[in-house]
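Only heavy atoms go into these numbers, but all of them, side chains included; no hydrogens, no water, no symmetry mates. Just so it is clear, the structure is predicted and the values come from calculations on it, not from any experiment.
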Amino acid sequence: DHGGGPSHIDLAAMRKIITEHPDIQITHSWPEAYFNSLDQTNIPLLKKSLNPFSTGCYTSQIRLKKKYRQLENDLFLTEKILSSGWCQMLISYPEKELRKATDCMLFCQFHDALPGTSIERVEKKLIQRIDQSLVNLENLRNKILFKKSALGEAAEAEEFPVFLLNPHPWPVTRYFELEFQPPEPNFDPSVYKIPELRTLQGQKIPLQSLKADSNLDQDFRKRMLFKQHLEAGELRQLSASLINGEKPHPAGSIDNTYLIDLGKTQLEFDGEKGTIRKLTMDNETLITAPGIRFTVFEDEADAWGMRKNHYDKKLGEFTLMNPDEAARFCGLEVPELSPVRLIEDGPIRKNIQVFYSYGRSVLIVNYHIYLEETRIPTATGSSIASELVEAKNIPLQIDLKLQLFWMESDRMLKLFIPTPPETILEREVMNGKEFIPRDNRESVMQRWISGSSLNQVWALLNRAQY
């Protein structure tokens with residue numbers, strides 16, 4: 001009845017069916033009566049998902065879906081940070097403010113809101129609500145973080161205090177990117193300032209200098225990348241400063257075959273096509289040729305897609321821009337720009353930037369390839385907080401950062417990662433995990449998909465989208 005109950009027209013139609021089929025007993029009833037009438041000893045047990053269903057809802061109004069996931073993640077993160085601050089008696093617990101954010105999240109779960117089956121005006125209003133909640137949550141986090149940082153040591157002149165907080169009840173090892181600036185730019189052309197990071201005990205921390213977000217051609221804002229291990233709930237203070245160093249230069253274009261050898265792990269990047277062609281670990285292939293691609297499939301305007309369980313008509317894929325197209329798209333005054341460039345070539349991370357195009361659309365992908373092992377906690381189930389068992393090394397991390405200028409109608413973009421046929425695929429679903437069938441049906445994940453073979457396991461994690 002779609003929530004509204006049967007109308008007079010519905011009741012008239014039912015009476016007509018009852019009259020036309022005297023051989024069938026048709027009774028007006030309710031759900032409890034139906035289930036109570038069943039043979040309780042012979043009820044079939046279904047141990048798999050009912051999906052796929054309404055496959056159009058998986059991708060419709062993607063901006064709303066991303067905003068919702070951001071709100072969901074920010075709310076849970078804020079609750080953890082505020083709980084630790086309340087335990088330290090730094091704040092009174094802001095229950096009303098968190099309730100408002102929770103109410104907003106629940107409101108956006110309405111069955112024609114989050115699925116993306118409403119008009120554009122509804123989409124904009126929902127995004128507006130979520131943005132307001134995101135700002136409020138950020139203010140709550142900032143309030144407690146300032147109070148926590150006030151417990152640290154006072155900074156010296158020309159020192160930039162850095163505070164890292166692990167709000168989780170388990171240890172984490174991760175890469176951190178942060179940016180800061182001195183009071184004034186450096187106007188001395190004979191020197192160039194680079195960031196340096198140390199512990200409060202004076203131990204130097206390895207880092208990689210990155211381009212600042214600003215495009216001003218000044219020796220001013222600084223951005224750095226480094227890795228740290230934080231224990232559960234730990235707040236760590238570090239000290240950043242600026243020292244004289246060498247100005248970094250862009251690494252430029254790469255060869256047609258660019259190999260990154262990390263010992264047991266080899267990554268082969270195809271500079272001619274602009275993609276990761278192959279990934280092997282301990283001589284076992286995880287990604288096969290022709291490599292990662294961005295494929296375009298036929299879609300439709302139906303936001304529900306109730307009668308479809310797959311979108312498998314491939315129309316093409318994004319290909320490398322020509323050098324003149326890349327230069328024109330970037331608004332440069334040079335005639336050509338290589339569509340595949342090594343932007344960063346440091347001790348911690350390589351960044352290969354690639355310009356693709358398809359039809360009227362443009363895709364910019366930054367392949368961030370981390371060169372160090374990272375220890376992460378592993379768990380036997382979906383609740384990592386309650387089933388923490390040990391930490392393992394991740395020999396390679398790859399982060400794809402996409403900037404998409406989409407101008408196609410009734411088309412769908414899919415990330416294509418070819419794996420060996422023997423790879424066993426699993427995905428996170430609500431309250432658990434599930435195997436992914438190797439057929440053409442649409443499969444959605446919550447936060448991760450994993451692939452396992454004889455000796456290796458890889459995982460694909462997302463930031464916001466299902």
Side-chain angles (χ1 to χ4, degrees), residues 43-77 79-80 102 105-117 130 168-170 286 297 299 302-312 376-389 392 394 399-400 412-453 456-466:
I43 297 178
L45 179 62
L46 190 66
K47 293 185 176 182
K48 63 178 182 178
S49 169
L50 296 178
N51 287 316
F53 177 73
S54 289
T55 54
C57 296
Y58 296 165
T59 54
S60 181
Q61 294 184 353
I62 183 175
R63 286 171 296 199
L64 175 58
K65 289 176 166 60
K66 283 190 171 185
K67 283 289 185 180
Y68 172 82
R69 284 291 299 278
Q70 185 183 354
L71 174 60
E72 200 175 52
N73 293 334
D74 274 22
L75 175 58
F76 300 152
L77 175 67
E79 284 182 327
K80 289 182 179 180
T102 304
M105 181 180 72
L106 297 176
F107 181 85
C108 295
Q109 291 177 3
F110 177 68
H111 71 258
D112 274 323
L114 188 57
T117 53
I130 292 175
H168 307 296
W170 58 81
L286 303 182
F297 288 78
D299 197 0
D302 181 6
W304 287 268
M306 291 184 182
R307 294 179 174 85
K308 298 200 70 168
N309 62 12
H310 60 272
Y311 298 88
D312 58 356
I376 65 164
T378 57
T380 56
S382 59
S383 177
I384 198 167
S386 62
E387 302 184 46
L388 186 65
V389 290
K392 291 187 177 181
I394 300 298
D399 191 4
L400 300 186
M412 178 184 293
L413 175 61
K414 291 188 178 186
L415 173 64
F416 181 79
I417 304 178
T419 60
E422 64 273 13
T423 302
I424 299 174
L425 302 174
E426 289 184 287
R427 60 183 170 179
E428 184 190 37
V429 296
M430 194 176 297
N431 301 320
K433 60 182 181 179
E434 186 177 62
F435 290 108
I436 302 177
R438 278 189 174 268
D439 54 26
N440 290 334
R441 290 183 297 165
E442 299 299 309
S443 296
V444 292
M445 63 174 179
Q446 283 293 112
R447 294 170 298 183
W448 55 264
I449 287 176
S450 70
S452 58
S453 53
Q456 303 295 340
V457 176
W458 57 262
L460 173 67
L461 302 93
N462 65 41
R463 289 185 178 85
Q465 173 63 359
Y466 298 104

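- Taken from CG in Leu425 to OG in Ser450, the straight-line distance is 7.5 Å, to the nearest 0.5 Å.
- For the pair Trp458/Ile417, no side-chain contact is recorded, criterion being any heavy-atom separation below 4.5 Å from C-beta on.
- Two residues are said to be in side-chain contact when any heavy atoms from C-beta on lie closer than 4.5 Å; Thr423 and Arg438 meet this criterion.
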field: Audit row: Gln109, Met105, side chain to side chain contact (heavy atoms under 4.5 Å, CB included) steps and yes/no
entry: CA-CA 7 Å; Gln109 291 177 3; Met105 181 180 72; 4.2 Å; yes

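- Closest of all the heavy-atom pairs between Ile130 and Lys67 is CG2-O, 3.5 Å.
- The line from CG of Leu461 to CE of Met445 is 7.5 Å long, rounded to the nearest 0.5 Å.
- A donor-acceptor pair is defined here as one N or O able to donate and one able to accept, closer than 3.5 Å; such a pair exists between the side chain of Lys65 and the backbone of Cys57.
- Across all non-hydrogen atoms, the minimal contact from Cys108 to Tyr68 is CB-CD1, 4.2 Å.
- Of all heavy-atom pairs spanning Asp299 and Tyr311, the tightest one is OD1-CE2, 3.5 Å.
- In this structure, OG1 on Thr117 lies 8.0 Å from CE on Met306, to the nearest 0.5 angstrom.
- Within the 4.5 Å cutoff, the side chain of Phe76 has heavy atoms near those of the Glu72 side chain.
- Note that CG of Leu71 and OG1 of Thr102 are 8.5 Å apart. Values are rounded to the nearest 0.5 Å.
- Across every non-hydrogen atom of Lys433 and Trp448, the tightest pair is CB-CH2, 3.9 Å.
- Of all non-hydrogen atoms in Ser443 and Ile436, the two that sit nearest each other are OG-CG2, 3.7 Å.
- The local environment of CZ in Phe110 is crowded, with over 12 non-hydrogen atoms from other residues, nucleotides or ligands closer than 6.0 Å.
- When all heavy atoms of Asn462 and Gln446 are compared, the closest pair comes out as ND2-O, 2.9 Å.
- The 12-atom threshold is not exceeded at CZ of Arg63, counting heavy atoms of other residues, nucleotides or ligands nearer than 6.0 Å.
- Summarising the geometry, atom CG belonging to Asp302 is positioned 8.5 Å from atom CZ belonging to Arg307; distances are rounded to the nearest 0.5 Å.
- Among Lys414, Lys308, Arg427, the single residue meeting the salt bridge (Lys or Arg N to Asp or Glu O under 4.0 Å) criterion with Glu442 is Lys414.
- Interatomic distance, OG1 of Thr419 versus CG of Leu460, reported as 11.0 Å (0.5 Å rounding).
- With no hydrogens or angles considered, no side-chain donor-acceptor pair links Thr55 and Asn309 at under 3.5 Å.
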